[in-house]
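Structure record follows, encoded as structure tokens.
In each ligand, atom 1 is the first atom listed, and ligand 1 is the first ligand listed.
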Amino acid sequence: MSLDYRTAVLHAPKTPIVTETVTARDLRPHDVLVRIKAAGLCHTDLEVIEGQLRYPMPIVLGHEAAGIVEAVGREAQGVGVGDHVILSWNPHCGHCFYCDRDLPILCETYLREGPKAVAFDGAPTARLKSGGDVRQLMFLGAFGEYGIVHDHQAIPVPKELPFDRACLIGCGVMTGVGAALNVAHVGYGDTVMVVGCGAVGLSAVQGARLAGAGDIIAVDLDPAKLVLAESVGATFCIDARRDDPVALTKQRTGGRGADVVLEAAGNAKGFGLSVEAVRPGGEVVWLGKTDVENDVAFRWGALMAEKRIRRSSYGGARPARDFPLLARAYLDGTLKLDELITRRIALDDINAGFAALKSGEAIRSVVMF
Ligand SMILES: [Zn+2]
Ligand SMILES: [Zn+2]
């Protein structure tokens, strides 16, 4: 097999992404070749472009994708040619210290190979036509016509699910919905505050709703995003440019604060207010991210009274279990995904797409193939 395909390559931080032809490696036993149909532009990709996350280059970004299985290696399991799949960026070995403790996000092989930006077997899957290996972000590198992944990264989902919506489940939706369903302990009727209403925050609002929360308070600086939050299930919206989210939340909860706060803004204000706004004994889950070298501060007194803070990166994802559930929830009408897509773009428009993500103008732009 010799397969050439078009892909979007980043050669150095803070430079434009360029479209180039690459050659795929011959399929190894556990490889799955996926024809990418849709890939979302996520903030983590942007962090690599901006140099906040450091990876070897040249690299193909893109880690929120869906497509059709075109070929499988001779030992690939769980997936077959023609399957529609959502891709997971958290391959895990299944038998290390953390996998044995049900923490696949901390899998030792995943953590060892991740910074190299290669496939899960430790080697790159494509070479530039002009010579040299090209890296792939988060074991995927999905901004291309094809991608080669390890078999358990390709999760079959129902074929009725449109690809542009399917891809969102692979990162932003899993992260937000999963934080409420798998990570936080949201009780029936609880008050949940969600800080930041981008793709992850809008998904966290929906996770809270699916978990049975009562009052779902959405906080953002952009009124347009609050309108979206309301359309996916928020019961009360706070424009933080105008009103004080902590004071208003306490007012609605007898002076106590929210039972659970899901922070999805990833800025100093968001981290600080999440700890202030949660009630004594309540739980804060930080989903948002800032530069890895940044310090994060909050008022020490705000943490008193047995409050808990927890970090979640992928919503406690077990992709083989969760992706089909989320796909089904969309098809049933209980999970809303159409609202998250701001625009559909071509691969050649990817730089403009990232500019729109950076300015906050787009929730999700999706590259369509
Ligand atoms: Zn992402
Ligand atoms: Zn492992």
Side-chain angles (χ1 to χ4, degrees), residues 8 10 30 36 38-50 52-53 55 59-66 86-115 117 119-122 136-143 147 149-153 155 164-179 196 198-204 207 264-266 286-290 292 311-320 322-323 326 337 340-342 350 353-354 357-358 362-367:
L10 178 69
H30 284 280
I36 305 292
L41 276 58
C42 173
H43 274 277
T44 304
D45 302 309
L46 188 58
E47 287 165 29
V48 181
I49 297 170
E50 299 279 306
Q52 294 167 344
L53 273 178
Y55 279 97
I59 190 169
V60 180
L61 307 177
H63 61 279
E64 183 180 86
I86 299 175
L87 303 182
S88 155
W89 52 254
N90 182 213
H92 47 279
C93 75
H95 47 71
C96 69
F97 179 91
Y98 292 105
C99 282
D100 284 341
R101 282 154 186 79
D102 208 20
L103 289 165
I105 197 75
L106 301 178
C107 168
E108 289 169 333
T109 310
Y110 166 82
L111 292 179
R112 187 182 67 236
E113 303 301 335
F120 196 50
D121 62 14
Q136 59 195 87
L137 183 67
M138 292 160 79
F139 305 98
L140 291 179
F143 291 142
V149 300
H150 200 79
D151 52 10
H152 72 280
Q153 289 180 264
I155 315 297
D164 53 357
R165 276 140 278 185
C167 73
L168 306 178
I169 291 174
C171 185
V173 170
M174 182 70 246
T175 301
V177 175
V200 171
L202 292 171
S203 302
W286 282 349
L287 312 176
K289 288 190 292 181
T290 179
V292 289
R311 164 76 194 158
S312 170
S313 296
Y314 202 12
R318 304 308 300 254
D322 293 331
F323 290 0
L326 294 171
L337 300 176
L340 306 186
I341 301 176
T342 313
I350 198 164
F354 277 114
L357 185 66
K358 189 178 173 184
I363 301 287
R364 271 296 189 268
S365 300
V366 176
V367 179

Next item on the list: Could you grab the angle centred on the Zn ion (ligand 2), going from SG in Cys107 to SG in Cys93, to 10°?
Entry: 110°

Item checked: Apex the Zn ion (ligand 2) - arms SG from Cys99 and SG from Cys96 - angle rounded to 10° -> 100°

Check: Is a side-chain donor-acceptor pair under 3.5 Å present for Thr44 with Lys289?
Finding: yes

Notebook entry, point to check: Taking atom types as modelled, is there a side-chain donor on Asp45 or His63 under 3.5 Å from an acceptor on the other?
Noted result: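 A pair is found: one side chain offers a donor N or O, the other an acceptor, under 3.5 Å apart.
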
Note to self: If you define the side chain from C-beta out and look only at heavy atoms, does anything of Phe143 sit under 4.5 Å from Ile36?
What the structure shows: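 No, their side chains stay 4.5 Å or more apart.
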
Notebook entry, point to check: Roughly how far, to the nearest 0.5 Å, is CG of Leu103 from CZ of Arg101?
Noted result: 9.0 Å

Margin query: Go through it in stages, so that I can follow the logic: the residues are Phe139 and Tyr110, the test is ring-ring contact (aromatic ring centres under 6.0 Å, His included), and I'd like the CA-CA distance, side-chain angles, deciding distance and then a yes or no.
Written below: CA-CA 9 Å; Phe139 305 98; Tyr110 166 82; 5.5 Å; yes

Next item on the list: Compare every heavy atom of Val177 with every heavy atom of Ser203, then report the nearest pair and how far apart it is.
Entry: O-CG2, 3.3 Å

Contacts under 3.5 angstrom, residues 89-98 side chains, donor-acceptor by atom type, not counting sequence neighbours:
{"from": "Asn90", "atom 1": "ND2", "to": "Pro104", "atom 2": "O", "distance (Å)": "3.2"}
{"from": "His92", "atom 1": "ND1", "to": "Asn90", "atom 2": "O", "distance (Å)": "2.9"}

Note to self: Return all protein N, O or S atoms below 2.8 Å from the Zn ion (ligand 1), chain by chain in residue order.
What the structure shows: Cys42 SG, His63 NE2, Cys171 SG

Note to self: Just checking: His92, one of its N/O/S atoms, less than 2.8 Å away from the Zn ion (ligand 2), yes or no?
What the structure shows: no

